[in-house]
Amino acid sequence: MDSANTLYPDGAIALRGGEILAVGPSGSLRGQVRAKRELPLPDRVVLPGLVNAHTHAAMTLFRGLADDVALEPWLARVWKIEPVFATPENVALGTRLAFAEMISGGTTAAADMYFHPDAAAETAREVGFRLAAGVGAIDVLEIPSDKPREVRTQQFLETYRGDRLVHPCVQVHATYSATRATLENARELVEKYHAPFITHAAESRQEIAQVGQATGMTPIEYLDSLGLLTPMSALAHCIWLRDDEIELIARRGASISHCPESNLKIGAGIARIPDLLKAGVNLGLGTDGAASNNDLDMWGEMHTAALIHKGAALDPTAVPALQVLQMATIGGARALHMDHLIGSLEPGKRADLCILSLDGLNLTPVYDLISHLVYAAHASDVESVFIDGQMVMQDRRLLTIDREEVRQKALRVAEQVKAAL
Ligand SMILES: [Zn+2]
């Protein structure tokens with residue numbers, strides 16, 4: 001996933017510490033590098049770890065809680081449960097479950113927006129997962145906390161600045177759920193900390209109407225008027241865009257995190273991805289939270305992203321496989337301002353690797369590897385995973401998470417949620 005989309009049929013990759021030292025044909029790498037330890041990977045694909053550009057990790061605990069309803073009743077149901085159950089302990093647990101699921105599918109980094117991000121960040125450090133996170137500002141919901149939000153936001157940005165795995169962001173839930181003062185404060189923080197800005201935008205028609213009534217603008221115009229439509233911005237969804245808004249987003253250099261399965265499931269619509277690609281907008285791919293997807297499977301997401309736009313546009317050339325794989329790797333990395341670190345396998349970048357086996361019946365035979373990855377591969381074909389040079393899954397065994405423990409604990413919390421509904 002480098003700028004030339006280089007593919008080495010008989011390739012090798014050399015790691016030193018957490019860094020990629022060299023990538024290339026195995027013959028020439030043997031001449032350059034003497035390895036202390038070698039990992040032979042016959043009939044395997046080594047690709048950049050997938051980047052889940054938009055999720056709410058701890059919502060794995062609420063997987064399947066509000067199915068087959070529209071966004072607004074969905075939010076009403078989730079927002080009833082969260083003030084009680086979104087405790088730091090549960091956030092740590094749900095996030096751990098999310099990391100287990102994501103690592104099992106070759107996802108090595110995610111942009112997370114949820115309550116108690118410190119609990120998620122500490123879990124990321126413990127597990128060895130790369131996480132973009134921040135205090136998500138929302139003004140329509142009160143979650144009990146020990147300190148005021150401004151203090152927690154500053155502290156988070158300070159604590160994780162320059163961290164190896166946790167990448168602090170400025171986050172606002174959405175323009176319809178935050179006050180103008182909150183959004184203005186976010187812009188100040190983005191400038192002060194040079195941190196990425198993450199928000200939901202233009203997800204539902206009701207949102208367009210609501211923001212229009214309150215501001216006389218669309219969510220995109222409103223963000224732009226506040227100085228929040230910049231190359232630092234990663235906007236989740238962006239389904240309901242006019243032509244001039246697509247041009248504006250492209251001109252401002254903002255990124256969009258495309259979440260096709262969540263959008264389909266909530267019946268929110270289909271984002272104008274072919275038009276956004278044509279306009280040159282950088283796109284990441286995200287699963288959104290497990291309560292609206294209902295999994296964190298980036299392979300399923302790639303599959304959906306590659307199919308729906310062809311069907312919707314009656315055009316089989318729309319959104320080709322390579323562009324989908326770019327969204328799931330380098331595009332997401334760019335959206336989160338991590339493309340100097342991850343998103344492609346290039347010397348000097350961090351060693352976040354997804355190793356996929358081609359042994360599966362679903363992957364036999366192979367004509368075109370890239371389209372195979374997007375159209376035929378499953379998360380279960382991922383065999384081993386490295387994050388920042390650390391092996392976190394080997395031969396499908398998670399090395400930094402006790403799979404059964406996290407499962408049993410999540411089942412116990414779900415019993416309490418059921419009782420509270
Ligand atoms: Zn979301």
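Side chains are part of it too, since the values below use all heavy atoms of this structure and drop only hydrogens, waters and symmetry mates. Order of appearance sets the numbers: ligands from 1, and atoms from 1 within every ligand. Since the model is a prediction, treat every value here as computed from it, not as a measurement.
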Q: Kindly state whether the ring of H378 and the ring of H303 have centres lying under 6.0 angstrom apart.
A: no
(Q) Would you call the rings of Y160 and F156 parallel, tilted or perpendicular, taking 30° and 60° as the class edges? (A) tilted
Q. Going by an N to O cut-off under 4.0 Å, is there a salt bridge joining E122 and R125?
A. yes
Q: Check the Zn ion (ligand 1) and write out every protein N, O or S atom at under 2.8 Å, as residue and atom.
A: H54 NE2, H56 NE2, H200 NE2, D288 OD1
Q. Going by the angle between their ring planes, with limits at 30° and 60°, are F62 and F85 parallel, tilted or perpendicular?
A. perpendicular
Q. Which class fits the ring pair F99 and F129: parallel under 30°, tilted 30 to 60°, perpendicular over 60°?
A. parallel
Give the table of side-chain donor-acceptor pairs shorter than 3.5 Å for residues 71-78, with sequence neighbours excluded, one pair per line with atom names and distance.
residue: E72; atom: OE2; partner: S204; partner atom: OG; Å: 3.4
residue: W74; atom: NE1; partner: A291; partner atom: O; Å: 3.0

